[in-house]
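What follows is a short report on a single structure.
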Amino acid sequence: MSLFVARQPIFDGDMNVVAYELLFRNSASGSNSFPSDMDGDIATTKLISGLQFNNGLASLTDNKLAFINFTHKAIIEGKAFLFSPEQIVVEILETVRPTKRLLESVKQLNDKGYTVALDDYVDDKAWHHFFPFVKIIKLDMLQSDPEQLSTLQRLLVKYPHIQLLAEKVEEHGQYQSLREQ
């Protein structure tokens, strides 16, 4: 089985690579973007299956954490449990809607030591129920403004275990500004 994966480095504040986000691709050529006609559940399943059967996770990530996008269905079905908690971060896609069943699954992941991240977070009070069990909130800096970031930082004072992770930081000045916050 062929597996095509885009690998995006995730840096800490000192510009050290600490993890990689692994993104499904359906071929090695093309625009290097998620196929518009691909179902998210199928993409998640193909990525997870490919990583399991090819023993490729450690080599793809250079033994660093792998951030993997999970759909609602993949989380409910427990597909994250195919990996050890030291290998992956379970990213809840921004298209996923918060449900009681999802919350129970996230609690189970947390109880078993998995790191859960909310991807491209936009504030919604329904997600606040997940905060005790989430360790990372990812913000798309092309979609977020300083006021939204400030509001989220004030909200997260009650949840000091949650780290913010900025995505799509495109300029050095933006990077410096975010580091100072």
Side-chain angles (χ1 to χ4, degrees), residues 3-25 34 40-41 43-99 101-124 127-141 143-144 149 152-153 156 159-169 178:
L3 174 65
F4 301 98
V5 178
R7 179 181 87 156
Q8 293 182 332
I10 297 174
F11 299 94
D12 65 13
D14 296 322
M15 298 301 293
N16 299 306
V17 176
V18 295
Y20 289 97
E21 182 169 5
L22 302 182
L23 302 164
F24 174 83
R25 298 296 182 256
F34 186 79
D41 289 320
T44 298
T45 300
K46 284 186 173 191
L47 179 64
I48 290 170
S49 296
L51 292 172
Q52 285 292 299
F53 295 117
N54 292 323
N55 286 328
L57 187 59
S59 64
L60 274 173
T61 63
D62 205 19
N63 291 310
K64 293 177 175 30
L65 276 174
F67 280 62
I68 299 175
N69 293 320
F70 281 80
T71 60
H72 185 276
K73 182 178 178 183
I75 294 169
I76 300 297
E77 290 177 352
K79 291 190 177 179
F81 297 124
L82 294 170
F83 300 97
S84 76
E86 295 80 24
Q87 291 179 300
I88 67 166
V89 172
V90 177
E91 274 196 64
I92 301 175
L93 283 166
E94 66 275 7
T95 55
V96 171
R97 297 291 159 242
T99 65
R101 193 164 175 206
L102 181 67
L103 179 59
E104 287 305 313
S105 295
V106 168
K107 285 179 183 178
Q108 289 175 357
L109 286 164
N110 183 69
D111 289 347
K112 294 186 185 281
Y114 287 84
T115 299
V116 177
L118 298 178
D119 191 24
D120 293 344
Y121 182 77
V122 176
D123 194 34
D124 177 338
W127 285 113
H128 296 187
H129 299 287
F130 290 74
F131 286 2
F133 315 103
V134 168
K135 294 186 181 130
I136 299 170
I137 294 180
K138 293 175 68 178
L139 295 174
D140 179 340
M141 299 317 295
Q143 303 295 322
S144 300
L149 178 58
L152 183 57
Q153 286 173 317
L156 293 181
Y159 305 97
H161 67 280
I162 297 179
Q163 294 180 311
L164 292 178
L165 178 60
E167 291 186 299
K168 300 180 185 162
V169 177
L178 290 168

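Just so it is clear, the structure is predicted and the values come from calculations on it, not from any experiment. Along the sequence shown, residues carry numbers from 1.
By the 4.5 Å heavy-atom criterion applied to side chains, K135 and I162 are not counted as neighbours. In this structure, the side chains of D119 and I92 stay at 4.5 Å or more apart for every pair of heavy atoms. For the pair Q87/L65, no side-chain contact is recorded, criterion being any heavy-atom separation below 4.5 Å from C-beta on. Contact annotation: the side chain of L109 approaches that of I75 to within less than 4.5 Å [non-hydrogen atoms, C-beta and beyond]. At a threshold of 4.5 Å between non-hydrogen side-chain atoms, the residues V89 and I68 do not count as touching. Using a 4.5 Å cut-off on side-chain heavy atoms (C-beta onward), F130 and N110 make no contact. K73 has its side chain out of reach of K79: every pair of non-hydrogen atoms, C-beta onward, lies at least 4.5 Å apart.
Summarising the local packing, CD of Q163 is surrounded by 12 or fewer heavy atoms from other residues, nucleotides or ligands at distances under 6.0 Å. Residue K112 places its NZ atom among 12 or fewer non-hydrogen atoms of other residues, nucleotides or ligands, all under 6.0 Å distant. No more than 12 heavy atoms of other residues, nucleotides or ligands shown are found within 6.0 angstrom of CZ on R101.
Ionic pairing of E91 and K138 is present here: one or more N-O contacts between side-chain nitrogen and carboxylate oxygen are shorter than 4.0 angstrom.
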Start with the C-alpha gap between K64 and V18, add the side-chain angles, then the distance that decides, and say whether side chain to side chain contact (heavy atoms under 4.5 Å, CB included) holds.
-> CA-CA 6 Å; K64 293 177 175 30; V18 295; 5.8 Å; no

Apply side chain to side chain contact (heavy atoms under 4.5 Å, CB included) to the pair E21 and E167, showing each step before the final yes or no.
-> CA-CA 11 Å; E21 182 169 5; E167 291 186 299; 3.6 Å; yes

Test log, rule side chain to side chain contact (heavy atoms under 4.5 Å, CB included), inputs L149 and L139 | CA-CA 8 Å; L149 178 58; L139 295 174; 3.5 Å; yes

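Annotation for D14 and D12: closest pair N-OD1, 2.9 Å, computed over non-hydrogen atoms. Taking each heavy atom of V17 and F11 in turn, the nearest pair found is CG2-CE2, 3.5 Å. Across all their heavy atoms, V134 and A117 have their closest contact at CG1-CA, 4.4 Å. In this structure, F67 and A19 approach most closely via the heavy-atom pair CE1-CB, 3.5 Å. Closest approach of V116 and F133 over heavy atoms only: CB-O, 4.0 Å. Residues L102 and R97 come closest through the heavy atom pair CD2-O, 3.8 Å.
Qualifying side chain to side chain donor-acceptor pair (under 3.5 Å) partners for T95, counting only residues two or more places apart in sequence or in other chains: none. Annotation: side chain to side chain contact (heavy atoms under 4.5 Å, CB included) contacts of D124 (sequence neighbours excluded): A126, W127. Every residue two or more places apart in sequence or in another chain that forms a side chain to side chain contact (heavy atoms under 4.5 Å, CB included) with D123 is listed here: Y121, H128, L155.
Note that the OG atom of S105 and the NE2 atom of H72 stand 7.5 Å from one another [nearest 0.5 Å]. Here I136 contributes atom CD1 and L165 contributes atom CG; the two are 6.5 Å apart, rounded to the nearest 0.5 Å.
Under the 3.5 Å distance criterion, the side-chain polar atoms of H129 are left unmatched by any main-chain donor or acceptor of T99.
Checked against the 6.0 Å centroid criterion, the rings of F81 and Y114 qualify as a close aromatic pair.
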